[in-house]
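In what follows, a structure is listed as structure tokens, so that the remarks can point back to it.
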Amino acid sequence: MEKTIKNTWSPTSWKEKTVKQLPTYSNSELLEENYSQLKGLPPLVTSWEIEALKAKLAEVSAGKSFLLQGGDCAESFDLVTSPKIVNMLKVMLQMSFILIHEMGVPVHRVGRIAGQYAKPRSNDFENVNGKEIHSYRGDLINRFEATEEARMPDSNRLIEGYHKAGLTLNFLRALADEGFADLRHPEQWEMDFMLNNEYYKEYEAMVDSITKAVRFMESISPTRVNNLQKADFYTSHEALNLYYDAAQTRQVPRKTGFFNLSAHMVWLGNRTRDLDGAHVEYFRGIQNPIGVKVGPPFTVDETLRLIETLNPTHEAGKIVLIGRFGKDKIEDQLPPLIRAIRKEGFPVVWSSDPMHGNTFSTEDAVKTRNFDHILEEIKSSFAIHRAEGSYLGGVHLEMTGDNVTECVGGAEGLNESGLGHNYETFCDPRLNYQQSLELAFLIAKEWKQSYL
Ligand code: PEP
Ligand code: CO
């Protein structure tokens, strides 16, 4: 039975299933045209990069390294700019240096970048001045501006998204290849914000030690530093708009199976993981590593069946299980899941998304998250894994390299009244540059307590 099901898979077999979170495009001819054009464009990533990431994730599942996945909640086409990309890479690299330095294991960096353009929404429509208009679903589908016209799903945006992803990736590759030596240097590390943190001295000592290590290597072995400059960095997005992902899902010479060549890793969102739905049908046929978001509402049983469906051969490095329970639910919900997965012998990478279960609105209806709640979920996650004898091998964060004011708390003490200063996000609130560095430092502390 399983075999017949597998054999009927194709990059478009999802169309036979119920598709959630994807609006219908009113111009189906244009959609067909855009789809065919996208199918013919060159791939953004290669199958060997995808396989390399999968091999690294297999190491994570064996407890030998750590996964840092993060970036915007929703990227915007208009913000495909040099400073945004530089700042994002800078903060991810600095966070990874903190983790590597403190934990002493390799850290694999995966950005929510170069394709994170499609969003699931709670409501299909939104009422603006008495008029029902489509909700904003990310730049890959419609425009943010709150007018009826801007919000109409437009399939030309599939092509625009591909181009924007390509431009982003091109610059990321160039930076990661050569241009990032200076980001390891101390002048690039902002420190003052940590003055209010009880761990300031430790943080200062760590930055100092990273600096010395860099200087030392530069003085003894310039070629080693050259090698170090090649920061490997992978891309990921939620494969939500299946037209975009399916058009870029292809076979490659001398390899079996289909690869989604739009990103190294793609993930399945918490709202589109129904076993008989279109998204699971799509995901079960691709070779890429797959992130699976798990949080309320879910059952252990359906999660086991989902993993079995997506990874029937139990390949290590294939599934990254990203828990997003919320600080108040994790204690009840994570332990039984860990036990059940261990019992089945599934080799998953366990990752924690402490963002999506901890969103709330202020009295002024500003969507935010509290740094302390985020940290609390991270701490609980480590404590639970430690108690269960399991390895928490990654985190999944919404963050930016810019000085935005979207999440409250952290050492610099942003409060609700300060949220208006620089609130930029198109979707969920992100950690800013300083909050991200601080969290990396605190994550490393938790990891060390658990696994050293
Ligand atoms: C997201 O990662 O932006 C997201 C929508 O997450 P989730 O599917 O976990 O709600
Ligand atoms: Co989000």
Side-chain angles (χ1 to χ4, degrees), residues 19-22 67-76 79 88 110-124 135-141 144 235-242 244-245 263 265-274 277-280 282-283 289-298 302-303 306 310 319-327 329-330 333-334 337 349-361 366-370 373-374 377-378 381 394-400 404 406-407 423-432 435-436 439:
V19 197
K20 277 195 177 166
Q21 296 287 344
L22 195 55
L67 166 68
L68 171 64
Q69 187 174 16
D72 292 324
C73 180
E75 289 178 278
S76 133
L79 294 178
M88 185 63 81
V110 179
R112 289 173 60 114
I113 199 166
Q116 177 49 21
Y117 297 126
K119 299 308 301 173
R121 302 313 302 253
S122 313
N123 300 311
D124 289 345
S135 297
Y136 173 63
R137 289 184 171 275
D139 276 7
L140 195 55
I141 288 120
F144 187 68
T235 61
S236 68
H237 62 258
E238 177 174 353
L240 185 65
N241 188 332
L242 293 175
Y244 181 77
D245 289 277
M265 173 177 170
V266 279
W267 76 86
L268 180 60
N270 203 40
R271 288 175 238 199
T272 44
R273 56 174 160 67
D274 318 13
H279 288 84
V280 172
Y282 168 75
F283 273 86
I290 296 174
V292 177
K293 292 287 202 98
V294 192
F298 76 101
E302 96 201 340
T303 310
L306 178 59
L310 297 175
I319 303 287
V320 179
L321 206 51
I322 307 166
R324 32 88 82 223
F325 304 99
K327 66 179 175 57
K329 294 193 172 148
I330 189 168
Q333 299 191 344
L334 180 57
L337 188 59
V349 169
W350 285 102
S351 176
S352 169
D353 166 356
M355 315 298 296
H356 286 90
N358 296 310
T359 318
F360 65 95
S361 290
V366 182
K367 212 174 172 192
T368 188
R369 291 163 174 155
N370 186 319
H373 300 165
I374 292 166
E377 180 158 352
I378 292 270
S381 200
V395 288
H396 183 114
L397 305 173
E398 285 185 344
M399 39 166 273
T400 165
V404 300
E406 298 170 5
C407 293
Y423 192 94
E424 278 185 1
T425 184
F426 291 92
C427 199
D428 291 336
R430 302 159 297 174
L431 297 168
N432 62 25
Q435 290 167 332
S436 302
L439 192 65

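Bear in mind the structure is a predicted one, so any value in this text is a computation, not a measurement. Below, each value reflects all heavy atoms present in this structure, side chains not excepted, and no hydrogens, waters or symmetry copies. When a ligand or atom number is given, it counts from 1 through the structure's own listing order.
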Can you tell me which portion of Lys119 lies within the under-4.0 Å heavy-atom range of ligand 1? Options are side chain, backbone, both, or neither. side chain
For atom 8 (O) of ligand 1, what's the nearest protein heavy atom and its distance? Asn270 N, 2.8 Å
Which residue holds the protein heavy atom closest to atom 6 (O) of ligand 1, what is that atom called, and what is the gap in Å? Lys293 NZ, 2.9 Å
Tell me: protein heavy atom nearest atom 1 (C) of ligand 1, and distance? His356 NE2, 3.0 Å
Can you check whether His396 and Trp267 have ring centres sitting under 6.0 Å from each other? yes
Sidechain N-carboxylate O distance under 4.0 Å for Glu406, Arg430: yes
With a 4.0 Å cut-off on N to O distance, would you call Lys119 and Asp428 a salt bridge? no
Under 4.0 Å from any heavy atom of Gly269, which atoms of ligand 1 are there? 8 (O)
Could you tell me how the ring of Tyr136 sits relative to the ring of Phe144: parallel (under 30°), tilted (30 to 60°) or perpendicular (over 60°)? perpendicular
Numbering as shown, the atoms of ligand 1 that approach Glu398 to under 4.0 Å (heavy-atom distance): 1 (C), 2 (O), 3 (O)
Looking only at protein heavy atoms, which one is nearest to atom 10 (O) of ligand 1, and how far off is it? Arg324 NH2, 2.9 Å
Which ligand 1 atoms does Arg112 reach within 4.0 Å, using its non-hydrogen atoms? 1 (C), 2 (O), 3 (O)
Kindly assign one of parallel, tilted or perpendicular to the pair His373 and Phe360, based on the angle between their ring planes and the thresholds 30° and 60°. tilted
Does the pair Lys293/Asp353 count as a salt bridge with the N-to-O cut at 4.0 Å? yes
Location of contacts on Ala74 toward ligand 1, heavy atoms closer than 4.0 Å: neither
Can you tell me if, anywhere in Cys427, an N/O/S atom lies at a distance from the Co ion (ligand 2) that is smaller than 2.8 Å? no
Which label fits Phe298 and Phe325: parallel for a plane angle under 30°, tilted from 30 to 60°, or perpendicular past 60°? tilted
Where the side chain of Gln116 meets the backbone of Glu238, is there a donor-acceptor pair that is under 3.5 Å apart? yes
To the nearest 0.5 Å, how far apart are CG in Leu268 and CZ in Phe283? 5.0 Å
If you look at Asp428, which of its N/O/S atoms is nearest to the Co ion (ligand 2)? OD2
From Pro120, Cys73, Ala118 - option closest to atom 5 (C) of ligand 1 by heavy atom: Pro120
Nearest N/O/S atom of His356 with respect to the Co ion (ligand 2), by atom name, please. NE2
Glu398 atom (N/O/S) at minimal separation from the Co ion (ligand 2): OE2
